[in-house]
Number of protein chains: 2
Amino acid sequence: MPRAGLNRAAVVDLALAVVDDGEFEGLTLAAVAGRAGVAVPSLYKHVAGLADLRREVALRAVAELVARLREATEGRRGADAVTAVAHAVRGYAAERPGRYAAVQAAPALGDDPQGRLGAVSAEAVDVIADALRAAGVAGSGDDVVHVVRVVRAAVHGFVDLERRGGFGLPQDRDASFARLVDVLVAGLPITAPRATRAAAPPGGPGRPRGR
Amino acid sequence: MPRAGLNRAAVVDLALAVVDDGEFEGLTLAAVAGRAGVAVPSLYKHVAGLADLRREVALRAVAELVARLREATEGRRGADAVTAVAHAVRGYAAERPGRYAAVQAAPALGDDPQGRLGAVSAEAVDVIADALRAAGVAGSGDDVVHVVRVVRAAVHGFVDLERRGGFGLPQDRDASFARLVDVLVAGLPITAPRATRAAAPPGGPGRPRGR
DNA sequence: GGCGTTGGCTAATACCCTTAGCTTTCTGGC
DNA sequence: GCCAGAAAGCTAAGGGTATTAGCCAACGCC
């Protein structure tokens, strides 16, 4: 009887694949074992159990989202960075709903023995904070924290409601999202002006505004 | 062997009790049966299964939240209504985290045979819409829809992140929430002025601002 | 080539939901 | 007051899930 040649990374890859065609809640050892062509208990040779696997999936997802945020805010500051963050998050959730759910579930996933999850989550906050700090968000460090929370909350709330089917009416959701971003930009203490449409930052002209 | 005297409403009551000391995900037929002092299959005499029970719990929770929103917006319009809605939602989530999770899970709960859940959800949106419409939110009906979505998204996002432990830093979350409300009020097209502190609306002076 | 490590397996336990079918209790009409 | 029939409980059984224990075969290295 030949071996399947699994290892921890491969198991997590399969778990991500499971999450990608389903919900995060649908991540099950049985599903992963099925894809691996292996009996369920065999997975315990690579992973400490379902909780461990969930944690690992969340870690990957958060890291991936951080990378996207970094890329999206590259060279942008202030209002423009807020817009970029908003669209990056919504885009990620649309593309990979299961992974986005994993990101959200991350804090509740318990032990986090090496604190890796906490570290990479803090990184996510830093990426946003840096973009805002560089844009003149008012002095005190606490202020930046509050502003980052406001941005995260607003964007996450919209994305989460959308993902869960919370918007029952037929009106255009892209327009609603654009509206949300406008409200954020208008209400936040950002000194850097919003980039004009003519002098569009990297990403090319006509960067999608409504998606 | 005496009867337990259950009925559909009583089973749902017990389910709500289960949800109230745990998470919505922890709602299990076994737990309900345990509280009822009854074997698990007996519940099927009153409820069509776990999915049905979940739906019923969600229905109750949404109705309860709607009632609170109605009460909170009573006599308030515009900016003040937005503040009231925000605090009502956050207060409900803090007081009954499991039920708030049920509200959020509602749209994903499937069939909703009589459309009761859809109806009461629409009611929730209407309560907010009415308060804003009466406050001069600009003309077209679509505009009201977008604004209501912005408010719902921002508030829900904050509450959801908070509930999930998504705010790792020690800074005061009440202050962050107040900031979020300020951003909403500042960014929305509300004509009605914010009620002055001196002429505080029903609820008494010094209504909690940071909770 | 042997031997230890490793990665698979089966078996067993303990949860969970759900269906089927039985029995007991309550209730309502005569 | 009695006697159906309906309603509400039960046990038994079957199919998911995760997890632990213990076995055995394959791989790799000396």
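Since this is a predicted model, take the numbers as computed values, not measurements. A, B, ... follow the sequence lines: proteins, then strands. Residue 1 opens every chain.
- Shown for residues 12-20 of chain A: no residue has heavy atoms falling under 4.0 angstrom of DNA chain C.
- Distance CG (A:Leu43) to P (D:dT17): 12 Å, rounded to an integer number of Å.
- When all heavy atoms are compared, the tightest approach of B:Ala186 to A:Gly187 is CB-CA, 4.4 Å.
- By the 4.0 Å N-to-carboxylate-O rule, B:Arg8 lies close enough to B:Asp52 to be salt-bridged with it.
- Taken residue by residue, residues 29-36 of chain B places heavy atoms nearer than 4.0 Å to DNA chain C at B:Leu29, B:Ala30.
- Put simply, CG on A:Asp112 and CG on A:Leu59 are 8.0 Å apart, with the number rounded to the nearest 0.5 Å.
- For B:Thr28 and C:dC17, the shortest distance from a side-chain N or O to OP1 or OP2 is below 4.0 Å.
- When the C1' atom of C:dT19 is taken as reference, atom OH of B:Tyr44 falls 9 Å away, rounded to whole Å.
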Practice problem: Please assess A:Val85 against A:Val127 for the test side-chain contact (heavy atoms from CB on, under 4.5 Å), listing each intermediate value before the final yes or no. | Solution: CA-CA 10 Å; A:Val85 164; A:Val127 170; over 6 Å; no

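- The structure places CG of A:Asp160 at 6.0 Å from CZ of B:Arg164, a figure rounded to the nearest 0.5 Å.
- Within 6.0 Å of atom CD in B:Glu95, more than 12 heavy atoms from other residues, nucleotides or ligands are found, so the atom counts as buried in its surroundings.
- What separates CG of A:Leu27 from C1' of D:dT17 is a distance of 13 Å, to the nearest Å.
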Each nucleotide N or O in nucleotides 3-9 of chain D that has a protein N or O under 3.5 Å away: list the pair and distance.
| from | atom 1 | to | atom 2 | distance (Å) |
| --- | --- | --- | --- | --- |
| D:dA7 | N3 | B:Arg3 | NH2 | 2.9 |
| D:dA8 | O4' | B:Arg3 | NH1 | 2.8 |
| D:dA8 | N7 | B:Lys45 | NZ | 3.1 |
| D:dG9 | OP1 | B:Ala4 | N | 3.3 |
| D:dG9 | OP1 | B:Gly5 | N | 3.1 |
| D:dG9 | OP1 | B:Leu6 | N | 3.3 |
| D:dG9 | OP2 | B:His46 | NE2 | 2.5 |
| D:dG9 | N7 | B:Lys45 | NZ | 3.2 |
| D:dG9 | O6 | B:Lys45 | NZ | 2.7 |

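- Residues passing the salt bridge (Lys or Arg N to Asp or Glu O under 4.0 Å) test with A:Asp126, sequence neighbours excluded: none.
- Listed by first and then second residue, the side-chain hydrogen bond (donor to acceptor under 3.5 Å, both in side chains) pairs that reach into residues 34-50 of chain B are B:Asp21-B:Arg35, sequence neighbours excluded.
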Quiz item: Going through the distances and angles, do A:Val151 and A:Leu188 end up as a side-chain contact (heavy atoms from CB on, under 4.5 Å)?
Solution: CA-CA 9 Å; A:Val151 172; A:Leu188 291 176; 3.6 Å; yes

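- Classified by interplanar angle (parallel below 30°, tilted 30° to 60°, perpendicular above 60°), the ring pair B:Tyr92/B:Tyr100 is perpendicular.
- Taking every heavy atom of residues 52-61 of chain A and every atom of DNA chain C, no pair lies under 4.0 Å.
- Atom CZ of B:Arg173 and atom CZ of A:Arg149 lie 7.0 Å apart (nearest 0.5 Å).
- A:Glu23 and A:Pro97 make their closest contact through OE2-CB, 4.3 Å (heavy atoms, listed as atom of the first residue, atom of the second, distance).
- Among all heavy-atom pairs drawn from B:Ala15 and B:Leu53, the shortest one is CB-CD1, 3.7 Å.
- Distance, B:Leu50 CG to C:dT19 P: 12 Å, rounded to whole Å.
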